[in-house]
Amino acid sequence: MSERTIVRSGEGVPATTAGTLPVRVRSRWTRILLSRDAVMFYALIAVVVYAYTQVPYFASTQTVGFLLLDVIPILLIAMPMALVIITGEIDLSVASTVGLTSAVMGVLFQAGVPIGVVLVLCLLLGTVLGAVNGFLVTALGLPSLAVTIGTLALYRGFALVVIGDNAVANFPQELTRFSTSKLGDTGIPVVMLLVLAVALVFGVLLHFTPFGRALVALGFNKEAAAFVGIRVGRAKFWLFVSTGLVSSLAGIFWTLRYSSARSDNATGIELAVIAAVLLGGVSIFGGTGSIPGVIIGVLLIGTINYTLRLARFSDVVLSIVTGALLIASVVAPSIAEWARGRLHARRTARLELQRAAAQ
Amino acid sequence: MLVVVTATINPLFLTPQGVKDLLLNATIVVILAIGQALVIITRNVDLSVGSILGLVAFGTGTLFAVYPGIPIILVFVIGMAFGAVLGAVNGLLVTIAKVPALVITLGTLYIYRGVNNAWAGGTQYFAGDRPRAFSSLSTDTIFGFPLITLLAIAVVVGVAIVLAYTRAGRDLYAIGSDPAAARLFGIPVTRRVLGAFVASGVLAGLAAVLYASRFNAVGATTGTGLELDVVAAAVVGGVAIFGGSGTVVGAAIGALLLTTITSALTALRVDKFWQQAIVGVLIIAAISVDRLVSLNRARKLRVSEARNV
Amino acid sequence: MKGRTMKLIHTRAHRDTASGRRIAAFAAIATTVALVATGCAAATPGDSGGSDGDGATEALSIAFLPKQLNNPYTDVVLSGGKAGTEEIGGEYSVVGPLEASASSQVSFINTLTQQGTKVIVIAANDPDAVGPALEEARAAGAKIVAFDSDTNPDYRDVFISQVVSKDVALIQVEQIAEQIGGSGEIAILSATANATNQNEWIKFIEEELASNPEYADITLVAKVYGDDDDAKSFQEAQGLLSAYPNLKGIISPTTVGIAATARYLSTTDFKGKVALVGLGLPNEMREFVKDGTVKEFALWDPAQLGYVAAFAGQALVDGTITGAVGDTFMAGELGEKEVGEGGIVIVGPPTRFNADNIDDYDF
């Protein structure tokens with residue numbers, strides 16, 4: 001069954017299972033050019049071209065900078081989240097992890113801890129928070145949806161306990177400037193290099209390692225995966241840890257970009273992350289998805305939002321569009337399926353008729 | 001299990017003058033949690049309840065503003081019907097398109113909220129715009145119980161009976177335990193799941209009308225973020241998030257417990273910053289306990305089966 | 001258990017062929033494109049007036065960025081801003097987040113910068129978080145006018161303040177002292193814990209209570225935050241009264257908080273026994289003043305705030321003022337305004353509202 005995943009999971013996939021492919025065989029290139037990821041990519045290009053030619057002010061390097069800065073936290077978290085969802089789990093606590101990291105960062109820095117140490121401690125904190133989720137899900141066997149709803153409240157609660165109603169703002173200027181600085185005149189934020197590195201790590205992990213293929217198998221069928229020697233619990237545990245770690249990274253970026261450490265930072269972005277991941281082609285049932293797809297999903301939502309804002313739409317429209325996109329991205333396959341079923345039935349019926357007529 | 005926990009904790013917190021406020025606070029979440037329990041039992045989830053509540057509450061405010069003389073009972077009917085429609089949209093998308101409820105209701109959470117914002121804009125309707133008789137629903141008491149709380153209790157009892165003793169109610173559990181098997185047994189899965197979503201919508205509509213009666217302002221942001229409280233209440237109340245088990249009484253107690261704790265912490269002058277953390281601990285504790293209990297039961301079952309062999 | 005939480009949501013036979021996926025993906029794209037296309041098409045007539053062309057005669061673009069949209073108080077302020085902008089002959093626009101969070105305003109500042117907006121009028125949700133974005137906007141030539149809730153002074157040209165912060169604090173202390181007879185326990189129910197203006201008033205209230213011997217018998221027992229959310233404020237008010245049985249009065253320096261508290265008091269036995277003062281909108285408070293829950297509260301005319309902000313923006317752009325102390329400019333029918341210490345422009349004194357005069361106001 002897993003051949004379908006591999007077919008869909010983007011470029012550079014070994015064709016080892018090609019022999020078991022469905023009857024309609026296409027060339028490798030056709031497949032790549034018509035894959036869901038590719039189609040999403042065309043959509044992204046279409047939106048960009050449309051905005052570029054039709055929306056005033058869109059055509060500037062400022063757009064690139066502002067747009068990317070807006071999506072970086074979501075982009076970062078979306079990658080480990082994609083892996084978690086591919087294995088059939090979910091992590092709703094990411095935004096709270098961002099908030100708690102931000103709060104702790106503020107308090108430690110205010111207490112006079114050197115900023116380097118603060119950053120290391122923050123990443124460590126994220127790792128621990130992820131490990132707690134992982135432990136509850138894998139060691140105790142609790143459903144991740146319920147566990148992470150709990151830690152969503154818990155971590156945000158801790159953020160409130162740690163920093164209360166204060167805000168810490170006086171972070172070193174070099175760091176806050178760095179967080180929004182651009183690569184020369186391109187408008188691309190320097191931080192994107194870090195994002196790229198994270199993307200590479202998760203992309204390679206998912207698409208080019210046995211571990212990654214195991215994750216996909218895991219999402220398909222846990223029992224089967226266990227039979228072929230995948231240590232289900234351990235794999236999932238480390239995914240939750242990575243989600244925590246990357247979320248704390250996003251928390252550090254968030255704090256520096258807005259030069260403000262507060263308990264309510266990033267409230268609610270878990271929904272945006274999940275929406276983007278699903279739009280990027282990751283199946284909520286687990287078992288399918290690719291990192292390029294996820295990146296395109298995040299950029300697509302980000303670009304549409306940015307364009308609407310630039311065209312002076314209010315946030316009201318943005319929330320409706322986000323919701324509609326999310327639903328469309330999951331309903332469309334079902335509708336297509338249904339339509340195809342009808343078509344197939346009709347064709348079969350016609351064949352039957354012809355056969356009957358022939359006789 | 002949780003009944004015991006509640007019973008041991010509650011007496012500590014229940015001070016006589018606080019009872020009425022406590023019940024009033026819990027009422028709205030209790031009603032929402034019942035609806036949520038129905039949906040979760042079928043292995044689905046409804047994250048859009050907060051947005052449905054907001055939309056219907058604003059609709060209620062609008063009704064009174066546009067038709068000042070409208071009979072209160074009619075407002076309830078319209079509110080619940082409106083909720084039913086919104087719930088049906090969720091249900092249809094989930095059942096017809098065969099898409100996970102988590103995704104669909106996450107989408108409608110955004111969309112309903114967006115519609116609410118577009119509709120309401122900066123407009124808010126205040127208690128003063130609504131008839132006094134309507135507001136007094138949430139202040140008048142019978143034997144110390146606020147009217148709307150009695151209404152909530154009636155809803156709990158009604159839904160509990162339906163769930164436990166009717167065919168449709170039992171079907172929900174069967175669907176939640178194993179949808180494929182349920183379908184094989186000839187249970188109309190699609191209809192039942194749709195029904196659960198519509199019921200959740202109706203109850204959210206009811207809660208919204210009561211919200212308009214209880215609170216001062218209804219506007220674009222009414223009910224934001226309520227979904228997590230409601231899901232938490234159901235989970236704390238012992239409704240298994242993976243479907244197939246749980247009761248509405250449990251969900252109602254879960255809701256009561258959560259609101260009680262929040263109120264109690266304020267009353268006991270516990271630093272308000274700790275409240276959310278405590279709610280988080282409670283959710284995790286509740287699911288862990290349920291898990292341990294079920295593991296234990298499974299082990300006992302295995303042991304007794306082994307003995308019988 | 002079956003740890004696959006997500007899978008439980010719907011068990012669907014995994015089925016697939018490549019063509020189904022493709023049709024699906026195309027359908028999704030079509031939807032997307034259609035959404036975007038219709039959206040943009042709808043927008044074009046609205047803003048074609050000011051946004052294209054860089055001619056010298058282009059109208060002065062003044063954009064208001066409130067703490068959040070759809071807030072009744074903000075709407076009153078904005079109505080003044082609109083009136084002011086139209087009097088100047090400028091191009092008025094409003095953008096803003098739906099939730100009052102610090103970071104959400106930054107994206108809007110960015111887009112305004114890109115659109116080449118001449119004047120950004122902002123009520124900051126966090127004085128520092130908007131800083132870097134505002135600096136970029138200034139570098140691109142925009143003038144920054146803060147109103148309602150100040151940013152860090154480094155990031156704006158002037159701040160249009162409703163009234164002298166201290167006066168707002170004093171009038172509330174005075175009112176509560178009058179109403180509780182000069183002694184007893186009081187509490188404060190504020191907006192969000194980070195709100196700049198509320199925190200400043202609270203600071204002055206605390207100082208006044210501590211330093212003025214007339215208020216020696218009044219003790220401030222608690223500060224709670226209703227986050228400018230009606231239901232939350234309501235429950236905080238209720239929590240206060242159950243936690244402090246001897247409470248004699250509540251100060252709520254936010255329009256949402258005072259209305260929610262009034263609503264709670266009016267439905268309980270505390271009505272008329274626990275005093276409530278603060279800052280409220282007459283239209284929201286009318287019922288509670290008439291039924292005796294609230295004797296007197298205060299506020300300025302919020303519309304004037306937006307009105308003056310528009311004129312200040314124009315004065316900054318044409319160079320009449322630079323934001324230095326002592327600069328003066330004409331603010332339409334409100335006459336001459338002067339930039340005071342710290343680049344602050346004061347609009348006017350607060351008004352007290354009670355049963356005698358509340359029907360004279362409609363906002």
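Chain letters run A, B, ... following the sequence lines, proteins first, then strands; residues in each count from 1.
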Let me know if A:Thr267 has heavy atoms under 4.5 Å from chain C in its side chain, its backbone, both or neither.
neither

Where does A:Ser259 contact chain C at under 4.5 Å (heavy atoms): side chain, backbone, both or neither?
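Both parts, backbone and side chain.
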
Pick whichever of A:Arg177, A:Arg309, A:Gln62 has the most heavy-atom pairs under 4.5 Å with chain C.
A:Arg309

Out of curiosity, [X] [atom1] to [Y] [atom2], how far, rounded to the nearest 0.5 Å?
{"X": "A:Asp70", "Y": "C:Asn110", "atom1": "CG", "atom2": "CG", "result": "6.0 Å"}
{"X": "A:Asn305", "Y": "C:Thr111", "atom1": "CG", "atom2": "OG1", "result": "11.5 Å"}
{"X": "A:Phe66", "Y": "C:Thr113", "atom1": "CZ", "atom2": "OG1", "result": "5.0 Å"}
{"X": "C:Gln114", "Y": "A:Tyr57", "atom1": "CD", "atom2": "OH", "result": "10.0 Å"}
{"X": "A:Leu67", "Y": "C:Ser107", "atom1": "CG", "atom2": "OG", "result": "9.5 Å"}

So for C:Gln68, is it side chain, backbone, both, or neither that comes closer than 4.5 Å to the heavy atoms of chain A?
neither

Judged by modelled atom types alone, do A:Ser260 and C:Asp128 share a side-chain donor-acceptor pair under 3.5 Å?
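No, no side-chain donor-acceptor contact under 3.5 Å.
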
Tell me if the CZ atom of A:Phe41 is crowded by more than 12 foreign heavy atoms within 6.0 Å.
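Not more than 12 within 6.0 Å, no.
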
One pair to check against side-chain contact (heavy atoms from CB on, under 4.5 Å): A:Arg257 and C:Val106. What are the steps and the verdict?
CA-CA 10 Å; A:Arg257 183 196 172 193; C:Val106 170; 3.5 Å; yes

